[in-house]
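All chains are named by letter (A, B, ...) in the order of the sequence lines, taking the proteins before the strands, and each is independently numbered beginning at 1.
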Number of protein chains: 2
Amino acid sequence: MEIAGVQAAVGVLSSKWSVAILAELSGGTRRFNELLRRIDGISRRMLAATLRRLEEAGLITRRVYAAVPARVEYDLSPAGSALFAALTPLSGWALQHRPEAA
Amino acid sequence: MEIAGVQAAVGVLSSKWSVAILAELSGGTRRFNELLRRIDGISRRMLAATLRRLEEAGLITRRVYAAVPARVEYDLSPAGSALFAALTPLSGWALQHRPEAA
DNA sequence: CTGAATCCAAGTGGATACTG
DNA sequence: CAGTATCCACTTGGATTCAG
């Protein structure tokens with residue numbers, strides 16, 4: 001197993017809202033305010049910051065429609081989609097080893 | 001997929017040296033100074049701190065031998081071993097989507 | 001040998017207000 | 001609608017020193 005690769009993956013996922021955003025986008029295209037409403041507890045500031053980091057990491061794509069009012073759509077990139085899929089075993093691990101979280 | 005579980009897993013792994021320590025212990029029992037030597041760049045302080053967090057999270061076990069000089073051995077718990085195994089897909093993802101890291 | 005204690009620099013994240 | 005700017009509190013992690 002390649003430790004450096006795992007650390008790189010954990011690195012992008014380690015900011016508080018990354019996993020929640022990936023999960024939300026795994027359900028399809030979402031707009032900024034849509035994410036803001038659907039992800040409980042997140043602030044505009046953190047949503048914007050996390051989206052930027054995920055985009056820089058190549059995990060999501062951002063499309064801007066030059067219209068009034070402004071409209072921006074986010075999607076999972078192939079890499080983001082693959083990363084989210086690779087998280088499934090972690091979910092299984094939690095189910096088995098963290099009964100209190102169930 | 002259970003987002004909260006994934007976040008819990010990522011949470012313990014997100015401190016800088018967690019993955020490296022789990023990887024090292026996946027090779028068998030290790031002592032404190034042994035880990036210190038084998039994990040490049042880690043300091044005593046961070047090794048001690050990370051070991052404590054991993055132990056509190058139930059991922060590793062700690063055995064103290066009351067002798068002089070003091071001797072302490074660390075091992076992966078079943079949960080820690082399972083978590084490390086669940087990281088394999090992340091390694092695969094990095095291989096495919098982070099060619100520069102290879 | 002295996003830590004804990006202290007000090008410090010940098011990063012993370014929350015609240016709030018403002019902008020094109 | 002989709003952010004940015006500012007301020008602040010808390011945490012992380014490195015270096016170094018002290019202790020059982």
Side-chain angles (χ1 to χ4, degrees), chain A residues 3-4 6-25 28-57 59-76, chain B residues 3-4 6-25 28-57 59-76:
Chain A
I3 301 312
V6 174
Q7 289 173 328
V10 170
V12 281
L13 296 173
S14 63
S15 64
K16 185 172 179 181
W17 302 99
S18 296
V19 173
I21 292 177
L22 292 186
E24 192 54 46
L25 291 182
T29 303
R30 300 281 186 264
R31 300 176 54 179
F32 188 88
N33 272 1
E34 203 173 354
L35 291 169
L36 199 55
R37 279 192 308 273
R38 299 176 74 124
I39 301 175
D40 195 57
I42 198 171
S43 66
R44 273 174 191 72
R45 180 190 184 284
M46 288 314 298
L47 178 56
T50 310
L51 285 170
R52 282 237 287 179
R53 294 185 48 163
L54 293 176
E55 191 195 1
E56 285 167 7
L59 300 181
I60 66 176
T61 62
R62 179 175 185 267
R63 287 196 312 279
V64 182
Y65 295 92
V68 178
R71 180 171 145 217
V72 183
E73 291 183 352
Y74 294 93
D75 273 288
L76 245 40
Chain B
I3 301 311
V6 174
Q7 289 172 327
V10 170
V12 281
L13 297 174
S14 62
S15 62
K16 185 172 178 183
W17 303 99
S18 297
V19 174
I21 292 177
L22 291 186
E24 192 54 46
L25 291 182
T29 303
R30 299 280 186 262
R31 298 178 54 181
F32 188 87
N33 271 2
E34 205 172 355
L35 291 170
L36 198 55
R37 278 193 309 274
R38 300 175 74 125
I39 302 176
D40 196 57
I42 198 171
S43 66
R44 274 174 189 73
R45 180 191 184 282
M46 289 314 298
L47 178 56
T50 311
L51 285 170
R52 280 238 289 179
R53 293 185 48 163
L54 293 176
E55 191 194 0
E56 285 167 8
L59 300 180
I60 66 176
T61 61
R62 179 177 186 265
R63 285 196 310 281
V64 182
Y65 295 92
V68 178
R71 180 172 144 216
V72 183
E73 291 183 351
Y74 295 93
D75 274 287
L76 245 40

DNA chain D: 5'-proximal contact among A:Val72 and B:Ser15 (nearest heavy atom): A:Val72
Interface residues of residues 17-25 of chain A with DNA chain D (non-hydrogen, below 4.0 angstrom): none
Minimum side-chain heavy-atom gap B:Ile42-B:Leu36 below 4.5 Å: yes
Rounded interatomic separation in angstrom, taking CG from B:Asn33 and P from C:dG3: 9 Å
Set out, line by line, the N/O atom pairs under 3.5 Å between protein and nucleotides 4-7 of chain D.
unit_1 : atom_1 : unit_2  : atom_2 : d
D:dT6  : O4     : A:Arg45 : NE     : 3.3

Result block: side-chain N/O donor-acceptor pairs under 3.5 angstrom for residues 46-57 of chain B, not counting sequence neighbours:
unit_1  : atom_1 : unit_2  : atom_2 : d
B:Thr50 : OG1    : B:Met46 : O      : 2.6

Length of the line joining A:Leu47:CG and D:dC1:P, which is rounded to integer Å: 13 Å
Inter-axis angle, terminal five-pair segments of the helix from C:dC1-D:dG20 to C:dG20-D:dC1 [nearest 10°]: 40°
A:Met46 CE - D:dC10 C1' separation (whole Å): 13 Å
Name every donor-acceptor pair, under 3.5 Å, that has one atom in a side chain of residues 7-23 of chain A and the other anywhere in the protein, sequence neighbours excluded.
unit_1  : atom_1 : unit_2  : atom_2 : d
A:Ser14 : OG     : A:Gly11 : O      : 2.7
A:Ser15 : OG     : A:Ser18 : OG     : 2.6
A:Ser18 : OG     : A:Val12 : O      : 3.0
A:Ser18 : OG     : A:Ser15 : O      : 3.4

Shortest non-hydrogen contact from B:Leu25 toward B:Tyr74: CD2-O, 3.6 Å
Residue pairs passing the salt bridge (Lys or Arg N to Asp or Glu O under 4.0 Å) test where at least one lies in residues 29-49 of chain A, sequence neighbours excluded: A:Glu24-A:Arg30, A:Glu24-A:Arg38
Nearest-Å distance for atom pair NZ/P, residues A:Lys16 and D:dC10: 14 Å
Candidate nucleotides D:dC1, C:dT2, C:dT12, ranked by approach to the side chain of A:Ala70 - the nearest: D:dC1
Whole-Å distance separating the CZ atom of A:Arg71 from the C1' atom of D:dG3: 17 Å
N or O in side chain of A:Tyr74 less than 4.0 angstrom from D:dG3 OP1/OP2: yes
